[in-house]
Amino acid sequence: MSTIVIKEHSFHERGRREENRDSYCANDLPGGDFISFIVENLPTGKTYFVGDRAFRVEILQRLSETELLIVALAGPKGLPGALFDQFGNVTRSIGRSDTAAHSGRILVIAPEGSLNAYSFFERHPGNAPGLDVFKHLRKNWSRKFNKVTWSEDWCQFGNEFLAASELKAIEIRKKNQTVSFEGRDISLGRKSISIVPPRGGFLPHNWLERITRREISAHDIVHWKAEEDDEQVLDLRGPGDITKRYVVERGDLPKLQVKVDNDLSDKDFTNECRTLFDQISPTV
């Protein structure tokens with residue numbers, strides 16, 4: 001399985017206090033628009049280097065005036081290794097001049113008249129090629145729009161997501177713990193305990209409500225003494241099988257992650273992103 005993660009982009013006049021900034025529409029920036037900027041700065045077939053990673057854009061397709069599909073290969077550069085057959089024999093050496101690459105898609109939507117644009121990244125376990133692409137774009141931004149600040153944040157649903165979610169599991173994490181074994185203390189980075197329902201089930205929704213309102217803690221459920229720096233981690237499943245991991249002590253929901261099949265066609269990928277866009281975007 002892979003996931004789709006989403007960023008919201010906004011544009012403000014540079015150099016002024018936050019409360020006094022003028023905002024720009026994503027498709028009406030001084031001297032251009034967001035999608036045209038991306039197209040101009042991503043020639044296909046060229047390899048770019050971003051820190052210790054490299055990427056190459058394979059497809060750059062403008063689906064409409066407000067939508068752009070990008071397919072990119074990206075991965076760490078200069079990482080030596082080898083390919084092995086089923087018997088453990090080396091079939092090909094990988095040198096420091098080679099790059100291990102994963103393919104990933106990005107859909108960018110910049111609605112007409114909207115103050116925000118949205119980018120939808122296809123994320124495989126441990127790798128989201130689109131993030132390398134956007135790091136490169138941000139480096140080029142100030143040359144094109146030197147009077148405009150480009151801000152971006154991960155999208156999340158917030159409290160309404162919590163209200164509609166089922167509680168899949170709870171984990172209590174205790175940091176910097178020690179255990180005694182054979183007469184000596186051994187330091188641990190973390191000790192934890194998990195609370196999970198029987199396979200296919202959910203924990204009581206009342207627990208989710210009361211823990212997030214700080215009426216009770218997970219420690220009360222398992223009779224585990226609460227200590228400073230403990231974290232309560234809630235695994236949630238919301239509408240549309242959207243899953244999130246929420247750390248109560250940090251207060252902020254993590255980025256929205258939507259599970260999708262690895263073998264989605266480009267058409268199905270864009271349709272999935274459009275469905276998500278309809279859920280998260282404010283009315284223009």
Correct closest heavy-atom pair for Leu208 and Ser165 would be CD2-O, 3.7 Å
Next item on the list: Treating Ile, Leu, Val, Met, Phe, Trp and Tyr as nodes and any side-chain heavy-atom pair under 4.5 angstrom as an edge, say whether Val50 and Phe37 lie in one connected cluster.
Entry: yes
Check: Going by heavy atoms in the side chains, are Leu107 and Phe121 under 4.5 Å from each other?
Finding: no
Does the pair Leu203 and Ile170 meet the rule for a side chain to side chain contact (heavy atoms under 4.5 Å, CB included), with working shown?
-> CA-CA 9 Å; Leu203 297 173; Ile170 301 172; 3.8 Å; yes
Pair Thr243, Leu236 - check side chain to side chain contact (heavy atoms under 4.5 Å, CB included), show working. CA-CA 6 Å; Thr243 60; Leu236 310 174; over 6 Å; no
Salt bridge present between Arg62 and Glu67 (N-O < 4.0 angstrom) = no
Handout entry: Co-membership, hydrophobic cluster, residues Trp154 and Ile106, 4.5 Å side-chain
Key = yes
### Message
I'd like to know whether CZ of Arg184 has more than 12 heavy-atom contacts from other residues, nucleotides or ligands below 6.0 angstrom.
### Response
no
Just wondering, do Asn41 and Trp141 contact through their side chains at under 4.5 Å, heavy atoms? no
When rounded to the nearest 0.5 Å, the distance separating CZ of Arg173 from CD of Glu249 is 10.5 Å
**Request:** Report yes if some heavy atom in the side chain of Val108 is under 4.5 Å from a heavy atom in the side chain of Ile38; otherwise report no.
**Result:** yes
Heavy-atom closest pair (Gly104 atom, His124 atom, distance to 0.1 Å) is CA-NE2, 4.3 Å
dist Glu215:CD -> Asp220:CG (nearest 0.5 Å) comes out at 11.5 Å
*asked:* I'd like to know if Asp235 and Arg245 make a salt bridge, using a cut-off of under 4.0 Å between side-chain N and carboxylate O.
replied: yes
Check your understanding: Cluster question for you: counting only ILVMFWY and a side-chain heavy-atom cut-off of under 4.5 Å, with indirect links fine, are Leu167 and Ile193 together?
Key -> yes
Exercise. Would you say the side chain of Trp207 lies within less than 4.5 Å of the side chain of Ile195, judging by non-hydrogen atoms?
Worked result: yes
Worksheet item: Counting N and O atoms only, with roles assigned by atom type, does the side chain of Asp230 sit under 3.5 Å from a partner on the main chain of Glu227, one being a donor and the other an acceptor?
Response: yes
Step by step, would you call Asp132 with Arg53 a salt bridge (charged side-chain N to carboxylate O under 4.0 Å, His left out)?
-> CA-CA 8 Å; Asp132 296 299; Arg53 293 174 62 84; 2.8 Å; yes
Practice prompt. Measure the acute angle between the ring planes of Trp224 and His219, then classify it against the limits of 30° and 60° as parallel, tilted or perpendicular.
Written response: tilted
message = Given 3.5 Å as the limit, does a donor-acceptor pair link the side chain of Arg123 with the main chain of Gly130, or not?
response = no
Open item on the list: If you apply the rule side chain to side chain contact (heavy atoms under 4.5 Å, CB included), what do you find for Ile211 with Ile221, and how did you get there?
Closed with: CA-CA 10 Å; Ile211 289 173; Ile221 298 171; 4.2 Å; yes
*asked:* Between Leu73 and Glu58, is there a side-chain heavy-atom distance shorter than 4.5 Å?
replied: yes
Subject >> Donor-acceptor contact below 3.5 Å, side chain Gln232 vs main chain Ala218 >> reply: yes
Practice problem: Flag the pair Ser180 / Asp185 as yes when at least one side-chain heavy-atom distance between them is below 4.5 Å, and no otherwise. | Solution: yes
- Query: Does Asp28 reach the side chain of Asp33, with side-chain heavy atoms less than 4.5 Å apart?
  - Reply: no
Between the OG atom in Ser36 and the NZ atom in Lys144, the distance rounded to the nearest 0.5 Å is 8.5 Å
Assess the pair His12 and Tyr24: is the distance between their ring centroids shorter than 6.0 Å?
-> no
message = Pair Lys175, Glu231 - check salt bridge (charged side-chain N to carboxylate O under 4.0 Å, His left out), show working.
response = CA-CA 8 Å; Lys175 299 180 180 179; Glu231 287 186 339; 3.3 Å; yes
| said: Please tell me whether Phe55 and Phe49 form a close aromatic pair, meaning their ring centres lie under 6.0 Å apart. | reply: no
query: Is the gap between the ring centers of Phe269 and Phe120 under 6.0 Å?
result: no
Task: Common cluster, Val57/Val71, ILVMFWY with side-chain heavy-atom separation under 4.5 Å - done: no
In terms of heavy-atom contacts, Thr270 and Lys267 come closest through OG1-O, 2.8 Å
Closest heavy-atom pair, Ser10 versus Asn116, reported as atoms and distance to 0.1 Å, is CB-OD1, 3.4 Å
Which of Ile4, Ile70, Leu264 passes side chain to side chain contact (heavy atoms under 4.5 Å, CB included) with Arg105? Answer is Leu264
Quiz item: Quick one: does Arg56's side chain have a donor or acceptor within less than 3.5 Å of a partner on Thr47's backbone?
Solution: no
Rounded to the nearest 0.5 Å, the CD1 atom of Ile172 sits from the NZ atom of Lys191 at a distance of 11.5 Å
Discussion item. Quick one, Ser151 and Phe11 - any side-chain contact, counting heavy atoms below 4.5 Å?
Written reply: no
Taken to the nearest 0.5 Å, the spacing of Thr212 OG1 from Tyr246 OH works out to 6.5 Å
Heavy atoms of Cys25 and Gly113 approach each other most closely as SG-O, 3.7 Å
message = Assess the residue pair Val133 and Tyr48 against the criterion (side chain to side chain contact (heavy atoms under 4.5 Å, CB included)); give the C-alpha distance rounded to whole Å, side-chain angles, the decisive distance to 0.1 Å, and a yes or no.
response = CA-CA 9 Å; Val133 173; Tyr48 298 90; over 6 Å; no
- prompt: Can you get from Val248 to Ile216 by hopping between Ile, Leu, Val, Met, Phe, Trp and Tyr side chains that sit under 4.5 Å apart?
  reply: yes
Quiz prompt | Donor on one side chain, acceptor on other, Ser192 and Glu171, under 3.5 Å | solution = yes
Judged by atom type as modelled, is there a donor-acceptor pair below 3.5 Å linking the side chain of Arg237 to the main-chain atoms of Lys168? no
Correct closest heavy-atom pair for Phe145 and Arg14 would be O-NH2, 3.6 Å
Using distance alone, with no hydrogens and no angle criterion, decide if Thr275 and Asp278 have a side-chain donor and acceptor under 3.5 Å apart.
no
**OP:** Measure up the Phe34 and His9 rings against each other and bin them: parallel (under 30°), tilted (30 to 60°), perpendicular (over 60°).
**Re:** tilted
Distance col, row Asp266:CG vs Ile59:CD1, nearest 0.5 angstrom, shows 5.5 Å
